[in-house]
**Q** 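I have a structure here, written as structure tokens, and I will follow up with some questions on it.
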Amino acid sequence: MFFVPRAGIHEKYGSWANKVLASIDRLGATEDISGLTSDQIRGRIAAQPTGEPACIIGGYALVPPFFRNNPIPKSADPDREIPTDAPFAVPPGAPDEDELAPVRPISRIPDGGDHSPTAFLKVLSFQYRVPTWRTPSGSFEEAAHEFAGAAGHVSAQLGGGTLDLSPPNTIDHPDPPPLIHQKGKIHILLHGANRSPDWAYLFGRKASDPPNAYPRALSARVLDVCDLRRCAVTFSSCYAAMLDTGESEAPARTEANQVALACLGHGSKFVVASTRSNWIDMAPPYNRLGPGLMGELWSRLAAGVPAARALAEAKQAFLASSMTAQPRNWAYVFKTLWQCQCYGHPDAVV
Amino acid sequence: MPTIDQILNLAGAAVPEHLRPAGRVVQRGGDPGVVAIRRAGAPGAAEEKADPQEEMARRLAARFGGSLDEDDPDAVDVEYPEATAAGIQSTTIVQLRRDANGALAVAGVFKRA
């Protein structure tokens, strides 16, 4: 079921609204959530058959996320609030901890923060085709050099091939688009930023390099020229799913400055990424926190589990293993779970 | 009880050299002579009041057969804040725990991406 803020779409897109809504209606069964509060939307989703995926249509201006306080102390993690869609998948009144790993699969198909109907129509036209699309062969995996271990853990689950590291790779060399075009499975573990203009870029880093040495490795603009139709994309980077503008004075997140939107705008079936900073395991076996969750996800995606369900199951497995092995790391575990989102068609398969 | 210098030397070996001067010890609180700010891996000492999120964690730990109560009084986290580079703020955390032989050792290293 696709949950659609029809009134908000009319208000945002004006004369284009009917065309946008027609494209949304092509996706499948819809339910109008105009004028509903977030908890009321939760109630509507909870009324759906058990286990049926729910997909929210629109970015944060149309359907605001929930926010949860970051349990990690500010000295270690300056992110104070975590935008999350996870509570939408949990009925109102359920135990708070259920939203860390909801049983119901949930995703969002976001539009950009600007008022471009053509950009959203393009995304919707791709998303309409997702259920019938075969995933191309091949993979593209790139990580900051210092995150090679964690990226290798994810790569083993993804069943990928070569892992590119930055440095030596940069945004200029080798030229990224030919490496990324039509690669069916994509995973990125580069550094991300939460302020304009750096939030449009992803950065490499070698641990032994001088401080402040973060070469640009990818960007929304680079992804903007890549053919990502039918591709599955995940990011273990910081802020790759961040749709809000945070503390920046920049007006909006769009395909031009937001990597997940750029991927969806160029045909990716789905994008799984985090709305805030991700914690990366730097020591063997590299299977905790961010990379741990991503490894659980890819093992399910590679087995053909649909994207939103794969993320739901991955979160459940990750929560169980984390709270069993290292319960005292709960603050980091909670943040990892809350902030990880699925954007795109919930039934997309790799 | 390990000294601050012992803790910093042990944790410092797990991070790049340029980070080591900035290391700050976070230890399960109350011990004299230690820069104690908060329990390892837990909210600040100033936040010792009942925390709904911590209560969630306790319920979940119990669900999976564990506990949040620290059975290792020497468990420490050491934070290494890293100089920002235009929009990137990165902190490395080194976790020290007693291993099976009773020696304090690096049990985990995490970094913000």
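A, B, ... follow the sequence lines: proteins, then strands. Residue 1 opens every chain.
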**Q** Please assess Leu60(B) against Leu319(A) for the test side-chain contact (heavy atoms from CB on, under 4.5 Å), listing each intermediate value before the final yes or no.
**A** CA-CA 9 Å; Leu60(B) 284 166; Leu319(A) 178 63; 4.1 Å; yes

**Q** If I measure from the heavy atoms of chain B, does Leu289(A) come under 4.5 Å with its side chain, its backbone, both, or neither?
**A**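 Only the side chain of Leu289(A) comes within 4.5 Å of chain B.
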
**Q** Could you tell me which residues in residues 82-99 of chain A have at least one non-hydrogen atom under 4.5 Å from a non-hydrogen atom of chain B, sorted by residue number?
**A**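 Answer by number: Asp96(A), Glu97(A), Asp98(A).
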
**Q** Taking atom CZ as the centre, does Arg98(B) end up with more than 12 heavy-atom neighbours from other residues, nucleotides or ligands that are less than 6.0 angstrom away?
**A** yes

**Q** Tell me, out of Leu189(A), Val333(A), Asn69(A), who's got the most heavy-atom pairs with chain B below 4.5 Å.
**A**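 Going by pairs under 4.5 Å, I would pick Asn69(A).
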
**Q** Would Phe64(B) and Ser322(A) satisfy side-chain contact (heavy atoms from CB on, under 4.5 Å), going step by step from the backbone distance to the final call?
**A** CA-CA 9 Å; Phe64(B) 295 111; Ser322(A) 299; over 6 Å; no

**Q** I'd like to check the ring-ring contact (aromatic ring centres under 6.0 Å, His included) partners of Phe334(A); sequence neighbours left out, ordered by chain and number.
**A** Trp330(A), Trp338(A)

**Q** Considering all heavy atoms of both residues, which atom of Arg24(B) and which atom of Ser75(A) are nearest to each other, and what is their separation?
**A**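 In this case the closest contact between Arg24(B) and Ser75(A) is NH2-O, 3.0 Å.
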
**Q** Under the 3.5 angstrom rule, does the side chain of Gln95(B) hit a backbone N or O of Asn329(A) as a donor-acceptor pair?
**A**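 Judged by distance alone, no pair lies under 3.5 Å.
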
**Q** Does any heavy atom of chain B fall under 4.5 Å from the side chain of Ser236(A), the backbone, both, or neither of them?
**A** backbone

**Q** What part of Leu190(A) lies closer than 4.5 angstrom to a heavy atom of chain B: side chain, backbone, both or neither?
**A**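 For Leu190(A), the backbone is the part near chain B, not the side chain.
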
**Q** Could you tell me the separation between the OG atom of Ser67(B) and the CE atom of Met323(A), rounded to the nearest 0.5 Å?
**A**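 The distance works out to 10.0 Å.
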
**Q** Among residues 106-113 of chain B, which ones touch chain A with a heavy-atom distance under 4.5 Å?
**A**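 Counting heavy atoms that sit under 4.5 Å from chain A, the residues of residues 106-113 of chain B involved are Ala107(B), Gly108(B), Val109(B), Phe110(B), Lys111(B), Arg112(B), Ala113(B).
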
**Q** Using only non-hydrogen atoms and a strict under-4.5 angstrom cutoff, which residues of residues 8-23 of chain B touch chain A?
**A** Pro16(B), His18(B)

**Q** Between Gln53(B) and Pro71(A), which heavy-atom pair has the shortest distance, and what is it?
**A**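 Closest pair (atom of Gln53(B), atom of Pro71(A), distance): OE1-CB, 3.1 Å.
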
**Q** Within the 4.5 Å heavy-atom criterion, are Leu100(A) and Met56(B) side-chain neighbours or not?
**A** yes

**Q** Of all the heavy-atom pairs spanning Ile93(B) and Ala76(A), show the shortest one and how long it is.
**A** CD1-CB, 3.8 Å

